[in-house]
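Working notes, beginning with the structure itself.
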Amino acid sequence: MESLVLGLKEMDHEPLLLVGGKGLNLGKLSRMEGIHVPEGFCVTTEGYQQATRHNEAYHALLERLIVLQAKDQDPAQIKDISRAIRETIEESEIPPEVAAAVKQRLSRLGDDQAYAVRSSATAEDLPHASFAGLQDTFLNIVGLDAILEHIRKCWASLFTDRAVIYRMQQGYDHRQVYLSVIVQQMVVPQVSGIMFTADPVTNNRKLLSIEAGYGLGEALVSGMVSADVYKVRGENIVEQRITSKKLAVYALPEGGTEIRQLDPEQQEAQTLTEPQIVQLARIGRQIEANFGAPQDIEWCLADDIFFIVQSRPVTTLYPIPDSGDSENRAYISVGHGQMMTDAMKPLGLSFHLMVTPAPMRVAGSRLFVDVTAYLASPARQSIIDTLGKSDPLVKDALLTILEREDFIPVSPELQPAASPGTSKPGIPAPQEQDPLKSDPAIVTELIKNNEASVGELKQAIQGKSGAEMFDFIRGDMKELKRLLFDPHSTAVFMAAMDASAWLNEHLKEWLGEINAADTLSQSVDNNITSSMGLALLDVADVIRPFPQVTDYLQQHVQDGDFLTGLLAIEGGQAAYAALTEYLGKYGMRCTGEIDITRTRWSENPAILIPMLLSNIRQFAPGAGRQKFQQGLKEAREKEREIIERLQLLQDGDDKVLATRQRIELVRHYIGYREYPKYGMVSRYLVYKQAIMKEADQLVQAGLVHDSEDIFYLQFEELYEAVRTGVFDAELIKRRKDEFKFADKLTPPRVITSEGEILSGRYRRKDLPPGALAGLPVSTGVIEGRARVILNMEEAELEEGDILVTSFTDPSWTPLFVSIKGLVTEVGGLMTHGAVIAREYGLPAVVGVENATRRIQDGQRIRVDGSAGFVELL
């Protein structure tokens, strides 16, 4: 009987599976010095299991639910089965041992008192998943029979529709989740509410937020009334918002609750005094320190005593990058710049950290750059302006930080950068601004050197294994960094970017042209990414004359070795040759390619087949070359028009000369902007192929269960494990759980060392009513059907659609041949999606906050890539 019911203070080291998350936390709270917790006890999960163990109807319904979870989820069936399970539990008898134990505990606390009867599930109030509010709570319950009845109701609430669906989404097995019930003496409060020890709006860990209202907390939790809100930093109340509170929930003497209208004076009154606010904040910080993490705390005030009735971890906060010190810092997301905001596995993170020279930190399985030193520089405004050209939201967020002058003060010893010179007013001298001559041979030589280096790598790594192979990769990283950060290489695409910015600025001033460089940069040479999209159209041309091949691809695309099967079909040999040639040049690409652990196209060519079939269906032969020639024609016509108009202006010859030089720089060099990353992921594929051979041997030796388990080790950890033959299975399991949690997080653009997330905002007043603001990156206006797509492999596009997605990286380029416009949540002027949109002549707006939620799939929209907004039509 002792394991059936436990007093709160008796739950010293009880396991989660016995008392549930809420019970576990209340047990800890009740033993904290100075913290008042209403007395009570816990009916453990043993009671729930006794009540259901021999209930055949319950188990039969549960099995039906498990089968349903394994198949496509049918909401109507889930609802019906869940309701039937609840009814079965509520109609069952409470085991006599449980009833006797409850009666005994009530006799100690007082049979005639009122109690709160609250659910506590084993999958609840956990560090990585709160599962809050999924099970039921019943207030002001009086008498043994009523309490036993509501214990059954709590048990049944384990199968509310919302709880069942949420567990399915989180991957929990219904058979492995149990429920305990907390029975606590009712506190009849004057005031109650919720306290977050980290601000739930900004995520700031040093800003505590209190919500307060009259009566029981149910009015606040249910959304019946607005709460007073107090924000406390240290011992100081930094913000108060007093709301009109017309209603409150109060306990009735005979049991149950009622909603009452408040007196007019009380409706507008402040619920807590300032000393009470500060006292409550101190209690919150004490609880947070005890649990070691920010907390979501339910409290009530009765007879001038604050009672704590629940505390759970705040699971929605984004982790703070760890700098190893207590200084104020600011961090910028790498993923937003790289157009890949997904979580990265440890091996992928460690490879990126080995490559980059920037001051990087990891948080939430993503990378962030520590920009504190830049913000402390006297030249910080020019640095922020430069960042703002690519992403105005980052600029606005950093300006918000600088407005708090004491957060990151200027360091006088850091000197500002020199400003570039000019010759004629308004016409910067080309030889000073652009040190490179416009010579296509420079790009050809850079590409040739990179290809040669990758070829040498493929030869040199052959035959290497074990620790020797890892030593080789570590050494080859020097060559990767030499190529990636070659000053000559950087100068090439920087010259093109500067020239592009120059053209946009001066042609707008002289001719009123908006984003003229967008059209001028269509169909340039040496753009490895845009060529990739057009090349897949060429593959479609090879396959299109052979319907048997098309049928085969539709039917056998999921076969493990579908390429080999092509050889037995008429036209299959040509298709096989075209596909293998394509994969030979582009097979290192994939979604999220900066993470070496992601599946490459050459590892799973089936990823390409839906796009290939779409190209066969939608386009005529020669579409690839036709698209390139059309873009080239538009660029040349634009250049001719601009030159003719400039010649009519004052100083026309000088302006024409400067403009021609910039256009040549753009057309010869801007395509190379895409190549360094291509070179990097080309080496990544070679590294990965060697590492995966090693992983297969580790599986055969029984050292790891699955070859992809190695992805959850950092490079040096994997090297050491291979060298010693010792693998930490628990570490790998823990890393998998951490990654699964991190994968659900949304990374911020900018975050501070206090955990505050600064999203930034567009400071514009020129938007049409209801328009969604973004950054214009490719000029033009287009109307069409929005296709909201989050997974490239699931894209079903028709020509003329407008792609709306979270982000695009180079792997999305084959889709661009089918669309007429682009909208993304992430991106900047020179990120890959923007570059390719300009080259293909697609109007594009990036950086549109929550675009995939605010725009509905199939909705008609207008994209203004010149002004930077999206209208919902």
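The shortest distance between side-chain heavy atoms of Arg53 and Gln50 falls below 4.5 Å. In this structure the side chain of Arg86 never reaches within 4.5 angstrom of the side chain of Lys153, judged on heavy atoms. At least one side-chain heavy atom of Ile89 sits under 4.5 Å from a side-chain heavy atom of Tyr58. Using a 4.5 Å heavy-atom cutoff, the side chains of Asp199 and Glu756 are not in contact. Residues Tyr719 and Asp471 form a side-chain contact, since some pair of their non-hydrogen atoms from C-beta on lies under 4.5 Å apart. Val722 places a side-chain heavy atom less than 4.5 Å from the side chain of Glu694. The side-chain heavy atoms of Leu703 and Gln697, taken from C-beta on, include no pair separated by under 4.5 Å.
Lys740 NZ: 12 or fewer foreign heavy atoms inside a 6.0 Å radius.
In this model, no donor atom of one side chain and acceptor atom of the other lie less than 3.5 Å apart for Ser180 and Thr45. No donor-acceptor contact under 3.5 angstrom links the side chains of Gln714 and Ser350, judged on distance only. Arg118 and Gln184 share a side-chain donor-acceptor pair at under 3.5 Å. A donor-acceptor contact under 3.5 angstrom links the side chains of Asn204 and Glu754, judged on distance only. At a cut-off of 3.5 Å, with distance as the only test, no side-chain donor of Thr372 or Glu327 sits close to an acceptor on the other residue. Between the side chains of Gln295 and Ser311, a donor-acceptor pair is found at a separation under 3.5 Å.
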* To do: With ring pair (Phe, Tyr, Trp, His ring centres under 6.0 Å) as the test, would you mind laying out the steps for Phe711 and Phe739 before giving the verdict?
  => CA-CA 11 Å; Phe711 295 163; Phe739 178 80; over 10 Å; no
* Residue pair Lys733, Glu730: steps toward the salt bridge (charged side-chain N to carboxylate O under 4.0 Å, His left out) verdict -> CA-CA 5 Å; Lys733 182 179 182 300; Glu730 283 302 313; 5.7 Å; no
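Taken from CD1 in Ile182 to OG in Ser120, the straight-line distance is 5.0 Å, to the nearest 0.5 Å.
Using a 4.0 Å cut-off between a side-chain N of Lys or Arg and a carboxylate O of Asp or Glu, Arg749 and Asp391 qualify as a salt bridge. Under a 4.0 Å N-O distance rule, the pair Glu716/Arg474 qualifies as a salt bridge.
With Ile85 as the fixed residue, the side chain to side chain contact (heavy atoms under 4.5 Å, CB included) test singles out one of Thr52, Leu65, Asp80: Leu65.
Note on ring orientation: taking the six-membered ring where Trp is involved, the planes of Phe159 and His174 are tilted (angle from 30° to 60°).
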